[in-house]
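Letters A, B, ... are given to chains in the order of the sequence lines, protein chains preceding strands, and every chain is numbered from 1. Since the structure is predicted, the reported quantities are computational estimates derived from the model, not experimental observations. Below, each value reflects all heavy atoms present in this structure, side chains not excepted, and no hydrogens, waters or symmetry copies.
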There are 2 protein chains.
Amino acid sequence: MVKNDSEKQTEEKIFEAAMAVFEEKGFAAARMQEIADRAGINKSLLHYYFRSKDQLFEVVFNKLFEKMFSMVIGIFMSDKPFEEKIREYYCEHIRFFQQNPMLPIFIMSEISHNPERLKKRFGNIDYTKIRDSVMGFHAEEMSEYGIKKEDWVQFMITVVSLTIFPFAAKEIVKMFLDQTGYTKGFDDFMNERKVFASEFVINAIKHMNKK
Amino acid sequence: MVKNDSEKQTEEKIFEAAMAVFEEKGFAAARMQEIADRAGINKSLLHYYFRSKDQLFEVVFNKLFEKMFSMVIGIFMSDKPFEEKIREYYCEHIRFFQQNPMLPIFIMSEISHNPERLKKRFGNIDYTKIRDSVMGFHAEEMSEYGIKKEDWVQFMITVVSLTIFPFAAKEIVKMFLDQTGYTKGFDDFMNERKVFASEFVINAIKHMNKK
DNA sequence: GTCTATAGAAGGATAGAC
DNA sequence: GTCTATCCTTCTATAGAC
């Protein structure tokens, strides 16, 4: 069924508005009325296009999860040299989350309040591709750097923690910076973090299991 | 006004139930009815003791925030040798969050959806105490280890990221472990992480700014 | 202090006109 | 496809008996 112009436009407007509201408020606190208002249309049109709040949310969630997931995992799929990759990772990802600061907390919060949704949609992805990609491209480098083969998930989680956590806890970090005399703002802090995190990780893996 | 036994008991029961429900569901999805049910009392008693959902939540939030905050910050206030402290930190904190797995996502989620609450209650704490504690006890050690003086917040955030993030993203991590052939469970993963994270951090700081 | 009953508001969803 | 009007459920909160 091909959609005509006006239909496409309205559906698109609703979808954009829904992404904004859900990401900002979370599922439970989001209001259909607010989504309608932001889309500049009538509330009942939401149901016309997406049937229910649940279904609208599901489409939005899947879209945002993929956006986040591909970003987070992307770097591990590249096959540049390790250190270059790490530096690039922290640059790119921090920049990305500066554009999407609510994305991490949205994804993590919704998933912990409803794990079924995650399993339903993303339970059947072939994650071995990622593993093989990481291990295939980098197994050699990793052991060279002293990361044990069985520790690759620990390593991945460690790398992404350093960027995702500060965004997820943005308000706490901001308060902390304010109250301890950091003169610049959160954005500057995260810009500095691009370098700090890179050096931290590179220094760590250079000397793992080699004391 | 001193409270008698039965009053104390009921208030306590409500409070415990409220902590459980709010932590599990978040403010917006939590239901007064469910809190009453779990406390084994009538719904209107909630209002008798705590007036409104908002006020009940506020008491619960403050309690849980303090619980989390003192845990997270605690280690930085101790004055043991650096490496010993780091190892102890990851042991203790991972054990703590294994007992309270929903705490991180609860705190972070509620704060990003309502930053005012954080500022209202915790905006006036004297965080310089923490800074001075970290810098006072450990400034020397830190520079010895190659952490620049102005990077102490970056360092603190880094250290806590490594434990808090995996709990906040618990379901994602679990799925990832399942799908990539990790034979043990999340709990084992986090137990292994006690060692991995310690070694990671210690190796990193041993060589910061010393390449 | 604790309960029952109910008010009152909000929000999701649908019917039906255009 | 879009709007108005409205239904119906859910949830917070209060009144009032015991």
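- Whole-Å rounding puts the B/E34 CD to D/dT12 P distance at 11 Å.
- Side-chain contact annotation: A/K119 with A/N124, donor-acceptor N/O pair under 3.5 Å absent.
- Of the side-chain N and O atoms in B/H47, one or more sit less than 4.0 angstrom from OP1 or OP2 of D/dA13.
- Of the candidate nucleotides D/dA13, D/dT4, C/dT4, C/dT4 has the atom lying nearest to any side-chain atom of B/S44.
- Regarding A/R31, its CZ atom lies at a distance of 11 Å from the P atom of C/dA10, rounded to whole Å.
- Within the 4.0 angstrom heavy-atom criterion, only backbone atoms of the sugar-phosphate kind lie near A/A30; the bases stay farther away.
- Going from atom CD of A/Q33 over to atom C1' of D/dT4 covers 13 Å, rounded to whole Å.
- A donor-acceptor contact closer than 3.5 angstrom is absent between the side chains of A/N62 and A/E58.
- Put simply, CG on B/N42 is 15 Å from C1' on D/dC11, counting in whole angstrom units.
- For B/Y48 and D/dT12, the OH to C1' distance is 19 Å, given to the nearest whole Å.
- Note: A/F22 and A/F57 have perpendicular aromatic rings, judged against thresholds of 30 and 60 degrees for the angle between ring planes.
- Here the nucleotide nearest the side chain of A/L45, chosen from D/dC3, C/dT2, C/dG11, is D/dC3.
- Comparing C/dT14, D/dT2, C/dG1 against the side chain of A/R51 picks out C/dT14 as the nearest.
- Comparing D/dA13, D/dG1, D/dC3 by their nearest atom to the side chain of A/I41 picks out D/dC3.
- Nearest to the side-chain atoms of B/M32 among the listed nucleotides C/dG11, D/dC3, D/dA13 stands D/dA13.
- Between A/E171 and A/K174 there is a salt bridge, since a side-chain N of the basic residue sits under 4.0 Å from a carboxylate O of the acidic one.
- Spacing between atom CZ of A/F27 and atom C1' of C/dG11 amounts to 12 Å, rounded to whole angstrom units.
- You won't find any donor-acceptor pair under 3.5 Å spanning the side chain of A/K53 and the base of C/dG11, going by distance alone.
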